[in-house]
Amino acid sequence: MPRETPPPPPPEGGEVHEVVEGEDGQAEDQEERWARLLPELMSEVVRRVEASGGERWPARKDVVSCACVCRRWRDAAVAVVRPPAESGKITFPSSLKQPGPREFPMQCFIKRNKKNSTFYLYLGLTNATVDKGKFLMAARRFRRGPHTEYIVSLDADDLSQGSNAYMGKLRSDFWGTNFKIYDSKPPYDGAKASSSRSSRRFGNRRISPQVSAGNYEVGQVSYKYNLLKSRGPRRMYCALECPSTQETWENCLKTKFRKPTGNTVLRNKAPRWHEHLQCWCLNFHGRVTVASVKNFQLVAAADPNDPASSKDEETVLLQFGKVDDNIFTMDYRQPLSAFQAFAISLSSFGTKLACE
């Protein structure tokens with residue numbers, strides 16, 4: 001008579017795992033055990049974690065931990081946690097490509113490392129101009145022939161286009177006055193990837209088949225010729241693909257076919273000449289403390305066919321400015337996402353041969 005195989009020893013802490021027969025007689029792993037919880041119970045756990053003081057980072061990492069258990073827990077967390085446009089919170093990596101809130105700006109700041117041409121984006125954790133911050137994204141500047149590229153990544157230590165953390169890039173022309181913003185993922189179903197030489201080169205070196213092989217153009221930034229040269233402010237224009245808030249969130253839940261959207265056109269808010277200070281001035285409401293040609297505020301450009309659009313010209317959708325030698329604030333709101341705002345801000349660091 002064959003001897004019965006003894007059960008495996010209990011894990012540390014004395015808890016005995018339930019043994020369930022599966023394929024090849026193997027017990028289900030710990031992930032599957034958590035996945036068997038009722039969906040209602042999963043959602044209730046996430047709701048309680050969300051309501052237990054996880055409003056701000058670093059406490060918000062507990063919500064992310066719930067989403068990291070397995071696929072079913074991730075779906076439950078996405079269903080409970082609302083997008084940035086509704087909650088004003090950045091929780092998951094997907095939140096970085098979703099529009100910010102409408103009523104108030106998301107306050108961030110950028111740290112620049114001149115030695116290695118790297119820029120780090122942080123979410124502000126307090127009302128102070130600069131604090132410890134929550135790291136969001138990083139970008140590094142590369143010179144590729146006559147062009148300059150900024151590679152944007154979720155990983156500050158892996159800033160390559162073949163990385164799983166690759167988010168997109170910003171690419172300039174020779175003069176540094178026209179930039180194109182590329183997303184690593186298609187903005188809508190049927191979008192065609194860029195066929196640039198760099199995209200093909202890096203696409204062939206992918207380290208994972210899940211990494212997008214192409215870059216999808218989602219916006220442009222232009223700097224107009226400045227008649228006053230270095231003595232006057234720059235003039236900026238942006239054209240971006242900004243999907244609606246609801247459509248962006250439903251795409252995250254994979255419940256809706258993604259459609260192409262019209263362009264959102266932005267322009268810089270014209271500064272006023274201050275006679276006493278003898279300089280061009282904008283009201284940054286205390287968020288910018290150092291005068292710089294890089295400082296700017298973007299507002300929606302008025303639509304000649306829509307008289308009501310002129311009312312939105314005073315609402316600042318993105319402002320960027322200097323507070324220290326290598327620290328800059330970046331505040332954005334709907335319809336921009338953190339990724340779009342970061343890409344536009346990066347364009348301000350490049351040398352503008354035709355503007356300076």
Enquirer: Of the non-hydrogen atoms in Asn283 and Gln297, which two are nearest, and what is the gap between them?
Expert: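 Scanning both residues, the minimum pair turns out to be O-NE2, 2.9 Å.
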
Enquirer: With Cys238, which of Leu336, Val265, Leu266 fulfils side chain to side chain contact (heavy atoms under 4.5 Å, CB included)?
Expert: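 Result for side chain to side chain contact (heavy atoms under 4.5 Å, CB included) with Cys238: Leu266.
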
Enquirer: Does a side-chain heavy-atom distance below 4.5 Å link Asp183 with Asn215?
Expert: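 Not in contact.
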
Enquirer: Could you list all the salt bridge (Lys or Arg N to Asp or Glu O under 4.0 Å) pairs where at least one residue sits in residues 275-299, not counting sequence neighbours?
Expert: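 Qualifying pairs, neighbours excluded: Arg287-Asp331.
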
Enquirer: Using only atom types and a distance under 3.5 Å, with no angle test, would you say the side chain of Glu314 pairs donor to acceptor with the backbone of Val299?
Expert: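 No, because the side chain of Glu314 does not come within donor-acceptor range (under 3.5 Å) of the backbone of Val299.
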
Enquirer: Dump the intermediate steps for side-chain contact (heavy atoms from CB on, under 4.5 Å) on Phe339 and Met137, then the final yes or no.
Expert: CA-CA 8 Å; Phe339 170 72; Met137 289 179 282; 4.3 Å; yes

Enquirer: If you round to the nearest 0.5 Å, how far is CZ of Phe179 from OH of Tyr150?
Expert: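 Tyr150 atom OH to Phe179 atom CZ measures 6.0 Å (nearest 0.5 Å).
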
Enquirer: With no hydrogens and no angle check, do the side chains of Asn113 and Thr118 hold a donor and an acceptor under 3.5 Å apart?
Expert: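 Result is no, nothing qualifies.
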
Enquirer: Apply side-chain contact (heavy atoms from CB on, under 4.5 Å) to Ala341 and list each qualifying residue two or more places apart in sequence or on a separate chain.
Expert: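 Result, side-chain contact (heavy atoms from CB on, under 4.5 Å) vs Ala341: Leu318, Met330, Tyr332.
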
Enquirer: Ser347 side chain to Ile344 main-chain N or O, any donor-acceptor pair under 3.5 Å?
Expert: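 Indeed, once roles are kept as given, a pair shorter than 3.5 Å links the two residues.
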
Enquirer: Taking 4.0 angstrom as the limit, do Glu103 and Arg333 come out as a salt bridge?
Expert: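 Answer for the salt bridge query: no.
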
Enquirer: Apply side-chain hydrogen bond (donor to acceptor under 3.5 Å, both in side chains) to residues Ser117 and Arg140 and explain how you reach the verdict.
Expert: CA-CA 6 Å; Ser117 300; Arg140 180 171 294 169; over 6 Å; no

Enquirer: Would the distance check show the side chain of Asn268 and the main-chain N or O of Met236 forming a donor-acceptor pair, the cut-off being under 3.5 Å?
Expert: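 Yes, Asn268 side chain to Met236 backbone: donor-acceptor pair under 3.5 Å.
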
Enquirer: Taking all non-hydrogen atoms of both residues into account, name the closest pair between Ala138 and Leu159 and its distance.
Expert: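 Reported closest heavy-atom pair: O-CD2, 3.5 Å.
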
Enquirer: Suppose we screen for side-chain contact (heavy atoms from CB on, under 4.5 Å). Which residues come up paired with Asp324, at least two apart in sequence or across chains?
Expert: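 Result, side-chain contact (heavy atoms from CB on, under 4.5 Å) vs Asp324: Ile327.
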
Enquirer: Is it true that a side-chain atom of Ser87 and a backbone atom of Arg82 form a donor plus acceptor pair closer than 3.5 Å?
Expert: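 Yes; judged by distance alone, with no hydrogens or angles, the pair exists.
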
Enquirer: Would a distance-only check, ignoring hydrogens and angles, find a side-chain to backbone donor-acceptor pair under 3.5 Å from Asn295 to Lys322?
Expert: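 Yes; judged by distance alone, with no hydrogens or angles, the pair exists.
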
Enquirer: Clusters formed by hydrophobic residues whose side-chain heavy atoms approach within less than 4.5 Å: which one holds Phe104, and what are its other members?
Expert: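 Members besides Phe104: none; it forms no cluster.
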
Enquirer: Does Leu282 sit in a hydrophobic cluster with other residues, and if so which ones, taking ILVMFWY side chains as linked at heavy-atom separations under 4.5 Å, directly or through other members?
Expert: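 Phe284, Val288, which link up through side-chain heavy atoms under 4.5 Å apart, make up the rest of the cluster.
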
Enquirer: Can you measure from OG1 (Thr148) to CG (Asp173) and round to the nearest 0.5 angstrom?
Expert: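 That separation rounds to 9.0 Å.
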
Enquirer: Counting only heavy atoms not in Lys180 (residues, nucleotides, ligands), do more than 12 fall under 6.0 Å from its NZ?
Expert: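 Not buried by this count: 12 neighbours or fewer within 6.0 Å.
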
Enquirer: Using the side-chain contact (heavy atoms from CB on, under 4.5 Å) rule, take Thr329 and Gln107 through it: C-alpha gap first, then chi angles, then the decisive distance, then the call.
Expert: CA-CA 8 Å; Thr329 56; Gln107 295 185 336; over 6 Å; no

Enquirer: Leu123, Leu317: one ILVMFWY side-chain cluster at the under-4.5 Å cut-off?
Expert: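 In one cluster: yes.
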
Enquirer: Just wondering, are more than 12 heavy atoms of other shown residues or ligands nearer than 6.0 Å to CZ in Arg272?
Expert: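 Open.
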
Enquirer: Is a side-chain donor or acceptor of Ser95 paired with a backbone partner of Pro84 at a separation under 3.5 angstrom?
Expert: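 Side chain of Ser95 to backbone of Pro84: no pair is present.
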
Enquirer: Between Lys97 and Met167, is there a side-chain heavy-atom distance shorter than 4.5 Å?
Expert: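 Heavy-atom side-chain distance check passes, below 4.5 Å.
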
Enquirer: Please check if any side-chain donor atom of Tyr216 sits under 3.5 Å from a side-chain acceptor atom of Ser184, or the reverse.
Expert: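 Side-chain D/A pair, Tyr216 to Ser184: absent.
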
Enquirer: Stepwise, does the side-chain contact (heavy atoms from CB on, under 4.5 Å) test hold for Leu298 with Gln319?
Expert: CA-CA 6 Å; Leu298 294 183; Gln319 73 173 24; over 6 Å; no

Enquirer: Measure across Ile110 and Phe119 and return the closest heavy-atom pair with its distance rounded to 0.1 Å.
Expert: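 Taking Ile110 first and Phe119 second, the nearest heavy atoms are CG2-CB, 4.1 Å.
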
Enquirer: Is it the case that the side chain of Lys169 and the backbone of Gln161 share a donor-acceptor pair, with hydrogens and angles ignored and the cut-off at 3.5 Å?
Expert: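 Pair absent, no side-chain N/O of Lys169 close to backbone of Gln161.
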
Enquirer: Rounded to the nearest 0.5 Å, what's the gap from OG on Ser160 to CD1 on Ile151? Could you check?
Expert: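 Between Ser160 OG and Ile151 CD1, I get 8.5 Å after rounding to 0.5 Å.
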
Enquirer: Specify the closest pair of heavy atoms between Asn263 and Ala239, including all atoms of both residues, with the distance to one decimal.
Expert: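 Of all heavy-atom pairs spanning Asn263 and Ala239, the closest is ND2-CB, 4.3 Å.
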
Enquirer: Please confirm whether the backbone N or O of Ser337 pairs with a side-chain atom of Gln340, one donor and one acceptor, at under 3.5 Å?
Expert: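 Pair found, side chain donor or acceptor close to backbone of Ser337.
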
Enquirer: Cation-pi check, Lys111 to Tyr120: give yes when NZ or CZ is under 6.0 Å from the six-membered ring centre and within 45° of the ring axis, no otherwise.
Expert: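 No.
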
Enquirer: Side chain of His147, backbone of Ser172: donor and acceptor closer than 3.5 Å?
Expert: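 Answer holds: yes.
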
Enquirer: Out of curiosity, Phe342 CZ to Leu96 CG, how far, rounded to the nearest 0.5 Å?
Expert: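 Nearest 0.5 Å value for the CZ-CG distance: 10.5 Å.
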
Enquirer: Just to verify, what does Phe328 make a ring pair (Phe, Tyr, Trp, His ring centres under 6.0 Å) with, not counting sequence neighbours?
Expert: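 Ring pair (Phe, Tyr, Trp, His ring centres under 6.0 Å) check on Phe328 returns Phe320, Phe349.
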
Enquirer: Glu241 and Glu217: which non-hydrogen atoms are nearest, and at how many Å?
Expert: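 Closest pair (atom of Glu241, atom of Glu217, distance): OE2-O, 4.1 Å.
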
Enquirer: Please answer: with hydrophobic residues joined when any side-chain heavy atoms are less than 4.5 Å apart, are Leu346 and Tyr237 in the same cluster?
Expert: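 The answer is no; the residues belong to distinct hydrophobic clusters.
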
Enquirer: Which atom names give the shortest non-hydrogen contact between Phe296 and Ser348, and what distance separates them?
Expert: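 Closest approach of Phe296 to Ser348: CE2-CB, 4.0 Å.
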
Enquirer: Quick one: CG on Leu240 to CD on Gln220, what's the gap to the nearest 0.5 Å?
Expert: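 Here the interatomic distance stands at 9.5 Å.
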
Enquirer: Between Pro101 and Gln334, is there a side-chain heavy-atom distance shorter than 4.5 Å?
Expert: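 No - every pair of side-chain heavy atoms lies 4.5 Å or more apart.
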
Enquirer: Atom OH in Tyr182, atom CG in Leu170: separation rounded to 0.5 Å?
Expert: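 Rounded to the nearest 0.5 Å, the OH-CG separation comes out at 9.5 Å.
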
